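First up is the structure itself, then whatever we jot down about it.
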Amino acid sequence: MWYDKNITERKIMSEPIIVVDKLRIIYNQGKSNETRALEETNLAIYPHEYVIIFGPSGCGKSTLLYSISGLQSPTYGDVSIQGISIAKMSRKEELDLHQNKIGMIFQAFYLISSLNILENVCLPKMFIGEAPRERKQSGIKLLRRFGIVEQADKFPSQLSGGQKQRVAIARSLVNNPEIILADEPVGNLDSESAENVLKILKELNEVDKKTVIMVTHNPEHLPYADRVIYMKDGRIIKEEVHKEKRPIESVKKTEVEKSPESNELQMLMNSFKSLLPQQVDVLLVPFKAKQLLAHLLSQLTEEQISMAEAFLKELLFKNITTETFADRLDLDLDDGGAGWNKLRANSFAIRTNQIIEQSQTLKEKPGQATTSLSRYLKELFNLHLSTEQEKNFEEALQMRLASQVGQVELAKYFDTPVAKGGAGLHKHTAEKIVREIEIIMLIKYS
Ligand code: ADP
Ligand code: MG
């Protein structure tokens with residue numbers, strides 16, 4: 001049959017590879033030891049994402065992962081893989097799912113002690129009836145890739161934990177599945193072996209384009225993920241996007257759906273990583289001063305910067321006017337100023353003022369916010385937008401101001417081509433504009 005591979009591929013990429021729909025898991029339902037391990041949960045995972053499911057022990061992470069793998073049947077709700085509900089799969093389809101589409105890795109490596117390493121890796125191939133010669137070749141290739149080919153003839157008991165986990169990873173890959181599910185894969189490993197295994201998983205995602213879902217309770221692992229799903233008491237309580245790989249339409253959809261609870265400050269915290277919730281009440285103004293300064297400046301001495309920071313604090317606390325601020329920046333360090341030259345002091349004061357003005361508009365006239373900010377950004381960044389570009393630009397801006405999207409999604413809207421609903425800006429410009437917007441939103445916040 002003739003078909004356009006590109007179109008088909010694009011369509012596949014824009015659909016989730018895994019959909020968890022109103023899933024609930026209750027163990028021992030109706031018995032005295034009934035456990036509600038998973039409350040109603042919805043989750044969509046897209047091709048090539050690296051998702052970490054994170055939360056304390058007992059919060060339901062493994063339960064969710066096993067439900068995705070089909071090892072655990074839903075009590076209520078549904079899980080589908082590539083659009084097919086696992087519960088409705090025929091025996092044959094389910095077999096195909098486990099043999100060819102999903103590779104699993106566990107904390108306890110589950111290697112078979114009576115088989116040697118190569119045989120362990122090739123075991124999944126045996127089940128699909130591949131000839132022994134080919135079987136061995138692909139097994140050897142994987143062992144070589146993970147630096148354990150010398151161990152091929154040994155038995156599991158002769159290997160270290162890190163080596164065993166690499167064998168388990170090789171085994172999970174031998175049928176070339178698209179999805180890798182890993183349940184606390186480094187939970188039993190020393191830190192060096194753990195890092196090694198985490199790097200392998202990252203590489204499988206980035207180089208081999210596998211969709212990876214890893215469960216962990218260790219916060220140090222979180223930076224590896226594109227997206228972190230936080231769980232607590234059987235629920236997803238929040239998600240954090242490091243790298244948006246979902247198609248723009250899907251982000252739009254899900255973000256708008258959850259917008260009522262989405263918290264403006266929470267999003268700003270994602271933009272300013274060093275901002276902690278504890279700082280919000282007491283330290284927000286000094287924090288703003290620091291961020292604003294970092295945003296506006298470089299090339300000054302430490303002392304010039306720290307004095308300017310002090311004056312910015314005064315300005316943000318409204319203890320001084322913009323004029324005094326500019327004067328102070330210009331004054332010599334010896335005279336209690338920041339020792340900048342007049343030119344720099346003035347242009348800095350003007351930029352600061354513009355930002356403060358914009359954030360005031362956001363705060364006091366939310367109805368005019370989008371228009372006002374859009375006009376300001378266009379002027380500041382010298383943007384010449386077509387009607388269509390401008391429409392998409394303002395639409396995205398509006399969503400950010402309503403905290404329906406965060407900075408990552410916003411940047412994505414900005415640099416997505418106009419034809420695909422974006423503003424068609426260069427990536428670099430998009431990022432600069434987003435930083436300006438985040439700063440304005442931060443300064444507004446009180
Ligand atoms: P996590 O992986 O986050 O540590 P789990 O998904 O393993 O959490 O467990 C969630 C809850 O379900 C816990 O209270 C656990 O004791 C319970 N649980 C997990 N598996 C079973 C099971 N097979 N039978 C009964 N209860 C279970
Ligand atoms: Mg677990």
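Order of listing sets the numbers, starting from 1, for every ligand and every atom in it. Given the structure is predicted, the values throughout are model-derived calculations rather than measurements. Just so it is clear, the values below take in all heavy atoms, side chains as well, and ignore hydrogens, waters and symmetry mates.
- Between E40 and L23 the shortest side-chain heavy-atom distance does not fall below 4.5 Å.
- Looking only at atom types and distance, the side chain of Y66 has a donor-acceptor partner in the side chain of D183 under 3.5 Å away.
- Of the protein's non-hydrogen atoms, the one nearest atom 7 (O) of ligand 1 is S62 CB, 3.8 Å.
- Shown in contact with T35 at under 4.0 Å from a heavy atom are these atoms of ligand 1, numbered in order with element: 12 (O), 14 (O), 17 (C).
- Of the possible donor and acceptor atoms, none in the side chain of D21 sits under 3.5 Å from a partner among the backbone N and O of D78.
- Closest to atom 13 (C) of ligand 1, if we only count protein heavy atoms, is G58 O, 3.7 Å.
- The main-chain N or O of S90 is found under 3.5 Å from a side-chain atom of E93 such that the two form a donor-acceptor pair.
- Taking the centre of each ring, F393 and F414 come in below the 6.0 Å mark.
- A donor-acceptor contact closer than 3.5 angstrom links the side chains of S372 and Q358.
- Residue contact check: A37 has heavy atoms under 4.0 Å from atoms 10 (C), 11 (C), 12 (O) of ligand 1.
- Put simply, no part of G55 is less than 4.0 Å from ligand 1, judged by heavy atoms.
- Under 3.5 Å, the side chains of T75 and Y27 contain no donor-acceptor pair of N or O atoms.
- Of all atoms in ligand 1, numbered sequentially from 1 with element shown, those under 4.0 Å from a heavy atom of S57 are 4 (O).
- Atom 8 (O) of ligand 1 has as its closest protein heavy atom G60 N, 3.2 Å.
- Within the 2.8 Å limit, S62 places at least one N, O or S atom next to the Mg ion (ligand 2).
- Checking atom 16 (O) of ligand 1 against the protein gives no heavy-atom contact under 4.0 Å.
- In T63, the parts holding a heavy atom less than 4.0 Å from any atom of ligand 1 are both the side chain and the backbone.
- More than 12 non-hydrogen atoms from other residues, nucleotides or ligands lie less than 6.0 angstrom from NE2 of H98.
- Ranking the protein heavy atoms by distance from atom 26 (N) of ligand 1 puts Y27 CD1, 3.4 Å first.
- For the residue pair S374/E394, the side-chain donor-acceptor check at 3.5 Å is satisfied.
- Only side-chain heavy atoms of N28 come within less than 4.0 Å of ligand 1; its backbone N, CA, C and O stay farther off.
- Residue contact check for ligand 1: P56 places a non-hydrogen atom closer than 4.0 Å to it.
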